[in-house]
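All chains are named by letter (A, B, ...) in the order of the sequence lines, taking the proteins before the strands, and each is independently numbered beginning at 1. Reckoned from all heavy atoms, side chains included, excluding hydrogens, waters and symmetry mates.
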Amino acid sequence: MTKGANMTRHLITSAIPYINGIKHLGNLIGSQLPADLFARYQRGRGREVLFLCATDEHGTPAELAAKKAGKPVDEFCAEMHEVQARIAEGFRLSFDHFGRSSSPQNHALTQHFAGKLQENGLIREVSEEQVYSHADGRFLPDRYIEGTCPNCAYDKARGDQCENCTKQLDPTDLLEPRSAISGSTDLEVRETKHLFLRQSTLRDDLDAWINTKTDWPVLTTSIARKWLHDGDGLRDRGITRDLDWGISVKNGDQDWPGMEGKVFYVWFDAPIEYIACAGEWAEAHDLPEADWQRWWRTDKGAEDVTYTQFMGKDNVPFHTIGFPATILGSGEPWKLVDHLKSFNYLNYDGGQFSTSQGRGIFMDQALELLAPDYWRWWLLSHAPESSDAEFTWSSFQQDTNKDLADVLGNFVSRVTKFCRSKFSEALPEGGENGPEEIALIADLQERLGRYQDHMEAIEVRKAAAELRAIWAAGNEYLQETAPWTTFKTDPEKAAVQIRLALNLIPFYATLSAPFIPDAAANMHENMGTSPEWPVDVNAALHALPAGHPFTVPEVLFAKITDESVADWEVRFSGTRD
RNA sequence: GGCGCGGUAGCUCAGUUGGUUAGAGCGAUCGACUCAUAAUCGAUAGGUCGGGAGUUCAAGUCUCCCCCACGCCA
């Protein structure tokens, strides 16, 4: 690993998944998986990377999920964090640290930011009326109050809207209101105070900042501009809630008079976890504070850091407006995002994946069916970059069988087995490159350049297509030169051909590792090689000399059978739990 | 209802600042090969680029109107 002083360091974060359950494949391809692809690629190029992710643990849904599970919320979150961490490992997500938004670091940092914002005059107090439930011992958000609609008499209308007649409601409009949590009718309206972040005064700063991002996708900037300019423009945002579970409202390390018993809103503290997570990473590795600050503070060494965020499109406003407002408002030199890669949604067989409805394939289930490389390859090569994409079982089967088993896996198989049967389990000797070899090398040099360009630009689908073409080039070369024929008349020429083909295996392994890390590791192991990013393709394809031993690998990718697919289609046609 | 993103070969999608015969992968058809996971390689496929009008020497690529799908919002 080189760490050249002139080289960019890459800070990479994936949107942090919420704690209340296991995520589905749509969530995976929307942030964590492409972030991992980019992190692995940059590491592969020898660049210094800090790749962070965490669980987002605060808020009402976590409390309710814990209650449903019959566990204290902190215990529930700790368990779910472990579950998500194990699944992330299962998909080979190579986080340098998988943190928790409930960490002490995030508590301290969130309170620090709130204090700075207050100091800079960007916080105001607002009095609101909210419904308090005696039985639940808590304030109820609008969605957690049910009652009879005064408009249509529907008896399950929610505090914000009646689903039956669509009329907008205030909780106080409901007849016979009750708690959606306990059903209790022992409710009262109380006045409560909350802190608002005065984002409106930061609008011009945010607008100017967004305008510098000319290389961002339209999807991203249009969402940000909408929030900045639509209607009355950017609105101030409540950053506190009347809950127990969360980060206590404090002004730095001082108490905040009037805010006792309140916590910060989950959307305020969650993005700050991106920073806090670096602190958790440092602590986990016994590193001093300076080691994580050099990633995040431009006054402490982060000038050469490129920061890239990955997220689904629903998260764009919070990353282009909410979080930057916190950072800009603090007046401190924290790193702002440089590249923001957002994804559309992946649909499942004509509908949406849905966590709440249990529709689609969830990450734990996917790993029970197949090794992670299958999912990684299909999801990444179909990443919903320009518009929503669709998962169907037949496409999944067809594409993975063709690309992984037939094009790549079979290439490795045919080359190693041919060499073993005609020569030995070592690279054969003799001969020199002819025009076909020179042409292949030149072609691959060009393709390598294109592949790198797409990876640098995080054009995931295009990178996958180029990688596939690089695999196919090996098959084209074999078909054209036909070593099985040349062997009969000119064994030395066949030796040249098969030596080159065998050298392609580690070359492919290194380039493919960001997409299919397990298969890449297998390929290297069988060839007795280790990953080294190719610069000069000619040199890379002569790295293994004649006489270098190898092992014929087991089938790299077994095909997905029609029977399996038929079985899975049925099994996943309904909903989970 | 308002706003946003889309509507390109059977399927999944590419198509920079408008410019020669609109591209790729898969599927399909035909052919080649036999080293290999019945794998591979090559060739072929005539899609009015959602519909209409306009700007222009020239529009899938700009403007306006309409239709359809999806999403967000009040």
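No side-chain donor-acceptor contact under 3.5 Å links A:Asp490 and A:Thr486. For the residue pair A:Asn401 / A:Lys559, no side-chain donor-acceptor distance below 3.5 Å is found, with atom types taken as modelled. With 3.5 Å as the limit, one finds no donor-acceptor pair spanning the side chains of A:Tyr477 and A:Gln497.
Rounded to whole Å, the separation between the P atoms of B:rU61 and B:rU48 comes to 15 Å. Nucleotides B:rA28 and B:rA74, compared at atom C1', are 50 Å apart to the nearest Å. Across the C1' atoms, B:rG10 and B:rC3 are found 34 Å apart, a figure rounded to whole Å. Taking atom C1' on both nucleotides, B:rA59 is separated from B:rG4 by 25 Å, rounded to a whole Å. Using P as the reference atom, B:rC33 and B:rC49 are 42 Å apart when rounded to the nearest Å. For the P atom pair drawn from B:rG60 and B:rG50, the interatomic distance equals 10 Å after rounding to whole Å. Comparing the C1' positions of B:rG52 and B:rC13 gives a spacing of 27 Å, expressed to the nearest Å. Of the C1' atoms belonging to B:rC64 and B:rU8, the separation is 22 Å, rounded to the nearest Å.
Remark: B:rC41 base-pairs with B:rG31; criterion is Watson-Crick or G-U wobble with both hydrogen-bond distances under 3.5 Å. The nucleotide B:rG25 finds its pairing partner in B:rC11, both defining distances of the Watson-Crick or G-U wobble pair being shorter than 3.5 Å. Nucleotide B:rC70 forms a pair with B:rG4, judged by Watson-Crick or G-U wobble geometry with both contacts under 3.5 Å. With a cut-off of 3.5 Å on both Watson-Crick or G-U wobble distances, the partner of B:rA59 is given as none.
Residue contacts shown for A:Lys559 include a base, since a base heavy atom lies under 4.0 Å away. Within 4.0 Å of A:Phe557, counting heavy atoms only, lies at least one base atom of the nucleic acid. A:Ile498 comes within 4.0 angstrom of nothing in the nucleic acid, heavy atoms only. When heavy atoms are screened at a 4.0 angstrom cut-off, A:Ala472 is found touching the sugar-phosphate backbone but no base atom.
If you find the closest nucleotide of RNA chain B to A:Leu478 and to A:Gln398, the one lying nearer the 5' end belongs to A:Gln398.
Between A:Phe396 and A:Trp375, the ring planes are parallel. Angles under 30° get that label, and only those over 60° would be called perpendicular. Ring geometry, A:Phe391 versus A:Trp393: the interplanar angle exceeds 60°, so the pair is classed perpendicular (tilted spans 30 to 60°).
Residues of residues 404-419 of chain A having a heavy atom closer than 4.0 Å to RNA chain B, listed by number: A:Ala405, A:Asp406, A:Gly409, A:Asn410, A:Ser413, A:Arg414, A:Lys417, A:Phe418. Residues from residues 432-467 of chain A with heavy atoms under 4.0 angstrom of RNA chain B, sorted by number: A:Arg461, A:Lys462.
Between the CG atom of A:Asn344 and the P atom of B:rC5 there is a distance of 11 Å, given to the nearest Å. In this structure, A:Glu390 atom CD and B:rG6 atom C1' are separated by 15 Å, rounded to whole Å. Atom CD in A:Glu385 sits about 18 Å away from atom P in B:rC5, given to the nearest Å. To the nearest angstrom, P of B:rC5 lies 19 Å from CG of A:Asn347. One atom, CG of A:Asp314, and another, P of B:rC5, lie 17 Å apart when rounded to the nearest Å. The nearest whole Å value for the distance from the CD atom in A:Gln479 to the C1' atom in B:rG31 is 13 Å. Per the geometry, OH belonging to A:Tyr345 stands 12 Å off C1' belonging to B:rG4, to the nearest Å. In this structure, the CH2 atom of A:Trp471 is 13 Å from the C1' atom of B:rG25, given to the nearest Å.
Under the rule for a side chain to side chain contact (heavy atoms under 4.5 Å, CB included), the partners of A:Arg124 that lie at least two apart in sequence or sit in another chain are A:Val126, A:Phe196, A:Arg198, A:Asp236.
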Please determine whether side chain to side chain contact (heavy atoms under 4.5 Å, CB included) holds for the pair A:Leu369 and A:Tyr374, giving the CA-CA distance in whole Å, both sets of side-chain angles, and the decisive distance to 0.1 Å.
CA-CA 10 Å; A:Leu369 305 184; A:Tyr374 288 86; over 6 Å; no
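Each of A:Glu128, A:Arg241, A:Gln130 was compared with A:Phe139 under the side chain to side chain contact (heavy atoms under 4.5 Å, CB included) criterion, and only A:Gln130 meets it.
Annotation: side chain of A:Leu478 is in contact with side chain of A:Phe411 (closest heavy-atom distance under 4.5 Å).
A salt bridge links A:Glu446 and A:Arg450; the closest N-O separation between the charged side-chain nitrogens and carboxylate oxygens is under 4.0 Å. At a threshold of 4.0 Å, the pair A:Arg376-A:Asp36 counts as salt-bridged, since one of the basic side-chain nitrogens sits closer than that to a carboxylate oxygen.
Ranking B:rC26, B:rG42, B:rC35 by closeness to the A:Lys402 side chain, first place goes to B:rC26. The side chain of A:Arg468 lies closest to B:rC26 when the candidates are B:rC26, B:rG42, B:rC35.
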